[in-house]
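Single-structure report; data block below.
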Amino acid sequence: MMPGIPLQERGEKAAAAAASAPRRGRGGAVSIALSGVSKRFDDIVALEPVDLTIKGGSFLAIVGPSGCGKSTLLRIIAGLIAPSSGALTLPGHAVGAFVFQEAALLPWRNVQANAELVMELENIPKAERVKRARHALAQVGLEGFERRYPHQLSGGMKMRLSLARAMALRPDFLLLDEPLAAVDELTRDQLQDELLALCRSSGVTAVLVTHNVYEAVYLADQVVVMSARPGRVIDRFDVPFGDDRAPELRSSPEFVSLAAAVSASLRKGRVDD
Ligand SMILES: Nc1ncnc2c1ncn2[C@@H]1O[C@H](COP(=O)(O)OP(=O)(O)O)[C@@H](O)[C@H]1O
Ligand SMILES: [Mg+2]
């Protein structure tokens, strides 16, 4: 693929493509609507028609078994692949950013340069890139680590950097594909609080795919449960905990009972079909 492009540049292009959904301009809190959106890959039905509305500035979590089409759904929202049927409604100016489980950092770039990467490919001027990257790094607690390299960072720090790189783009919507699946539990809890704070303070519209029911309920305003292949939405839960959430919430009876209901729905989706 892409013969003739030096390895380093090719790596940067691939990483940037992975980290950023197509740029569409700037705007305010952006709502996303999917109406009858489905996806087939040849003879495989990856996604049965899905209807979803994600209110501007809200947080949606999607849980479902492996292979049920969660990543496919995110890629459709990002505009990286086209749905086989249905419509995605998103303002034309909306800017999206993607964060994956693998932080997709470039090992030859330091923390600051990694944080600037996506902005570079968007042709944001150097001074602005430096300023935004510094701010985003400070927001995720990486101030003072700008000159370190990825191999010098813990798993949690790599994920913070990946988040900072996405937020530095000032996206209208953030697509998170199991971003915290590979970090240890303590770090994950902490990162959830940081992610929540970032989302609330920026007003970004967030869509998170996760295997972790507790993570979904802790972070989201709405949790959608998908069934095993062919993927479809089998349940939706409104999460009534508001904007200010603290770790104690995790042990409250309301939280525990909502998480149990989501888990039960997830189990049902696994054994059906
Ligand atoms: N580019 C592709 N070509 C063919 N099949 C694909 C492609 N992407 C995903 N699939 C298939 O679509 C289904 C859903 O995949 P995916 O969205 O990655 O699931 P999930 O993220 O829920 O694990 C799987 O059966 C997968 O093999
Ligand atoms: Mg996936």
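Order of listing sets the numbers, starting from 1, for every ligand and every atom in it.
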Quiz item: Heavy-atom distance to atom 17 (O) of ligand 1: which of Asp177, Thr72, Val45 wins?
Solution: Thr72
Quiz item: Which bit of Arg229 gets closer than 4.0 Å to ligand 1, counting heavy atoms only: side chain, backbone, both or neither?
Solution: side chain
Self-check item: Ser162 side chain vs Lys158 backbone, donor-acceptor pair below 3.5 Å
Solution: no
Quiz item: When only distance counts, is Ala46 in polar contact with ligand 1, meaning an N/O pair under 3.5 Å?
Solution: no
Exercise. Please determine which of Asp221, Asp244, Asp193 meets the salt bridge (Lys or Arg N to Asp or Glu O under 4.0 Å) test together with Arg200.
Key: Asp221
Quiz item: Within less than 4.0 angstrom of ligand 1, does Ser66 place any heavy atom?
Solution: yes
Quiz item: Where the side chain of Ser263 meets the backbone of Ala259, is there a donor-acceptor pair that is under 3.5 Å apart?
Solution: yes
Quiz item: Which ligand 1 atoms, with their elements, are less than 4.0 angstrom from a heavy-atom of Gly67?
Solution: 13 (C), 14 (C), 19 (O), 20 (P), 22 (O), 23 (O), 24 (C)
Quiz item: For the hydrophobic clusters of this structure (ILVMFWY residues joined by side-chain heavy atoms under 4.5 Å, transitively), does one cluster hold both Phe145 and Val130?
Solution: no
Quiz item: Would Glu120 and Lys126 pass as an ion pair if we require N to O under 4.0 Å?
Solution: no
Quiz item: For Cys68, is at least one N or O under 3.5 Å away from an N or O on ligand 1?
Solution: yes
Quiz item: Closer than 4.0 angstrom: is that true for some heavy atom of Arg75 and an atom of ligand 1?
Solution: yes
Self-check item: atom 18 (O) of ligand 1: nearest protein contact (heavy atom, Å)
Solution: Ser71 CB, 3.8 Å
Practice problem: Classify the side-chain pair Ser84/Arg40 by whether it contains a donor and acceptor separated by less than 3.5 Å. | Solution: no
Quiz item: For Gly69 and ligand 1, does the shortest N/O to N/O distance drop below 3.5 Å?
Solution: yes
Quiz item: Is the Mg ion (ligand 2) less than 2.8 Å from an N/O/S atom of Ser71, whether that atom is in the backbone or a side chain?
Solution: yes
Practice problem: Taking atom 27 (O) of ligand 1 as the reference point, report whether a protein heavy atom occurs under 4.0 Å from it. | Solution: no
Practice problem: Compute both the distance and the angle, then confirm whether Arg250 meets the cation-pi test with Tyr218: under 6.0 Å from the six-membered ring centre, within 45 degrees of the axis. | Solution: yes
Quiz item: For atom 3 (N) of ligand 1, which protein heavy atom lies nearest, and how many Å away is it?
Solution: Phe41 CD2, 3.4 Å
Self-check item: Side chains of Ser38 and Ser85, donor plus acceptor under 3.5 Å
Solution: yes
